[in-house]
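Heavy atoms only: backbone and side chains are in, while hydrogens, waters and symmetry mates are out. In what follows, residues are counted from 1 in the order of the sequence shown.
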Amino acid sequence: MNMNMKFLNFNIKNIWRVSRSCLAALLAFCCAAAFMITAPPVRAAEVARLDALEAFLHEEIRNGSQLIKFNSDLYGRPSEDEIRSVFTALFNTPDLFLLDGSFSWSSRGTDYQVTPRYREDVLADYDNAKILYENGVSGLVAQVNPDWSDIQKVLFINDQLALNFAYDSGYTNYDVYSFLRDKKGVCEAYSLFMMAVLERLNIPCSYVKSDSINHMWNIVQIDGEWYHLDATWNDPMPDRPGYARHVFFLLSTNAMKSAEGGEHYLKDDWIFGENVSCESTRFDQYFWRSSVSPFVQVPALNQWFFIDSKGLSLWDGSSDTSAQILSFPDLFRSLYPNYKFQGYTGTSGLFLYGDLLYFNTAFNILSYHLNTGSVEVLKSYLNDGNIISCFQQDQNLIAIPIPTPPKI
């Protein structure tokens, strides 16, 4: 009997799992990272063939197929490298959270069969898991105003990830489903969720990975140019409810490698999910770099409010200009004329409730009336230590000073 048969088994559960972790966690992943998958260059016809194979396998895996069969008449005779390349893409696909990081495949003549390995805990309740995933992605998309620019949409999503999720210091949650279930995850979960949401918003988005820092982040296309966006590093650790950063937001590659507060510069081993470059410096020195709060959009206006170190400011989305509307040094002097001004705010929460914006300086919790411009001090912490954030919870305004968070 003349029979051509191949069988291969791959276990790449931890190949691309990256996190902002301590040295021990980094070493734990190094061995798996040694099996880095890199697809060889292919021609346009081969790209189309592999894209079709990827789409076919994606649908089968999303449906939880235990054994996937196909004939080479449909997708040619995929080589080992091509199969591995396709599965690399599938393991970095947000809605395939059912995959457990390994698969096996075999070929016999013109017939192929693929056996994915699935997460048993997810498979046991897969229907509800898919509902949770869909509700989480579509729920965030529904909060986005379709009239916003792509910049505003990406800015909003960045802040929502910081406000509603926390970094998983236990290094357990790598996928979007677990991220949504537990409201925490490692960098891979942040990046995949960003990809899932921006795909629904028709904003091109992919990822970048670095083994040297055991990390993953996003690249996003704005007005035809690609930029780096690290939502994980824009969410402070330990978590600060009510606070979001913009230090790693829409940066060129050069700016990303030199940005303070990250480790992206440690080694030039970045692997891009798309064959693109991030050369535009348009946003490298943009005004949001100095923001120390989330951005809050007033529904009736195309204006976004934010806090920088010196005061309350607004960004006009139509003219793309920013201006300060409340000076913290002036406010402090008017409130405490017998005190010497002690410095600006370091970080702040910011949220809208009715016609009032709530935020903090280093020494006060305040409200700002949008219609009148009047400011009210709700509570002073002048002698109680700096405040680093504030947020609303169960009809209570929560302040986070150092070291304990009182209710006011």
Review point. Is it true that a side-chain atom of Ser149 and a backbone atom of Gln152 form a donor plus acceptor pair closer than 3.5 Å?
Key: yes
Review point. Between Asn63 (side chain) and Ser65 (backbone), is there a donor-acceptor pair under 3.5 Å?
Key: no
Review point. By ring-ring contact (aromatic ring centres under 6.0 Å, His included), which residues pair with Tyr112, not counting sequence neighbours?
Key: Phe70, Trp105
Point to revise | Within the 6.0 Å centroid threshold, strictly below: Trp315 and Phe287 | key: yes
Practice item. Give the intermediate values and the outcome of ring-ring contact (aromatic ring centres under 6.0 Å, His included) for residues Phe351 and Tyr358. Key: CA-CA 5 Å; Phe351 64 92; Tyr358 292 87; 5.2 Å; yes
Exercise for review: Could you pull out all residues at least two apart from Thr110 that satisfy side chain to side chain contact (heavy atoms under 4.5 Å, CB included)?
Suggested key: Asn71, Ser72, Arg77
Check your understanding: With sequence neighbours left out, what residues match Tyr286 under side chain to side chain contact (heavy atoms under 4.5 Å, CB included)?
Key -> Phe283, Trp288, Asp320
Check your understanding: Under 30°, 30 to 60°, or over 60°: which ring-plane class applies to Tyr190 and Phe179, parallel, tilted or perpendicular?
Key -> tilted
Study note, to complete from the structure: With sequence neighbours left out, the residues meeting salt bridge (charged side-chain N to carboxylate O under 4.0 Å, His left out) with Lys267 are none
Check your understanding: In chain order, what residues pass the ring-ring contact (aromatic ring centres under 6.0 Å, His included) check against Phe295, with sequence neighbours excluded?
Key -> His246, Phe306
Review point. Is a salt bridge present between Arg117 and Asp100, judged by a nitrogen-to-oxygen distance below 4.0 Å?
Key: yes
Point to revise | With Glu274 via salt bridge (charged side-chain N to carboxylate O under 4.0 Å, His left out) - residues at least two apart | key: none
Practice item. Return the orientation label for the Phe91 and Phe103 ring planes: parallel under 30°, perpendicular over 60°, tilted otherwise. Key: tilted
Check your understanding: Does Val296 have any side chain to side chain contact (heavy atoms under 4.5 Å, CB included) partners at least two apart in sequence or in another chain, and if so, which?
Key -> Leu350, Leu352, Leu357
Point to revise | Validation row, ring centre His264 to ring centre His228 under 6.0 Å | key: no
**Study point:** Pairing residues for Gln221 by the side chain to side chain contact (heavy atoms under 4.5 Å, CB included) criterion, not counting sequence neighbours
**Key:** Pro204, Trp226
**Study point:** salt bridge (charged side-chain N to carboxylate O under 4.0 Å, His left out) partners for Asp223, two or more places apart
**Key:** Arg282
Exercise for review: List in chain and number order the residues that pass salt bridge (charged side-chain N to carboxylate O under 4.0 Å, His left out) with Glu134, two or more places apart in sequence or in another chain; answer none if no residue qualifies.
Suggested key: Arg200
Exercise for review: Report the C-alpha separation of Phe332 and Phe363 in whole Å, then their side-chain angles, then the decisive distance to 0.1 Å, and conclude whether the ring-ring contact (aromatic ring centres under 6.0 Å, His included) test is met.
Suggested key: CA-CA 9 Å; Phe332 184 90; Phe363 313 108; 5.4 Å; yes
Side-chain donor/acceptor pairs under 3.5 Å, residues 50-58, sequence neighbours excluded:
{"residue": "His58", "atom": "NE2", "partner": "Asp95", "partner atom": "OD1", "Å": "2.9"}
{"residue": "His58", "atom": "NE2", "partner": "Asp95", "partner atom": "OD2", "Å": "3.4"}

Practice item. Kindly indicate, with the supporting measurements, whether the criterion side-chain contact (heavy atoms from CB on, under 4.5 Å) is fulfilled by Leu192 and Met195. Key: CA-CA 5 Å; Leu192 292 175; Met195 289 169 60; 4.1 Å; yes
Practice item. Return the set of residues passing side-chain hydrogen bond (donor to acceptor under 3.5 Å, both in side chains) with Ser322 (not counting sequence neighbours), or none when no residue passes. Key: none
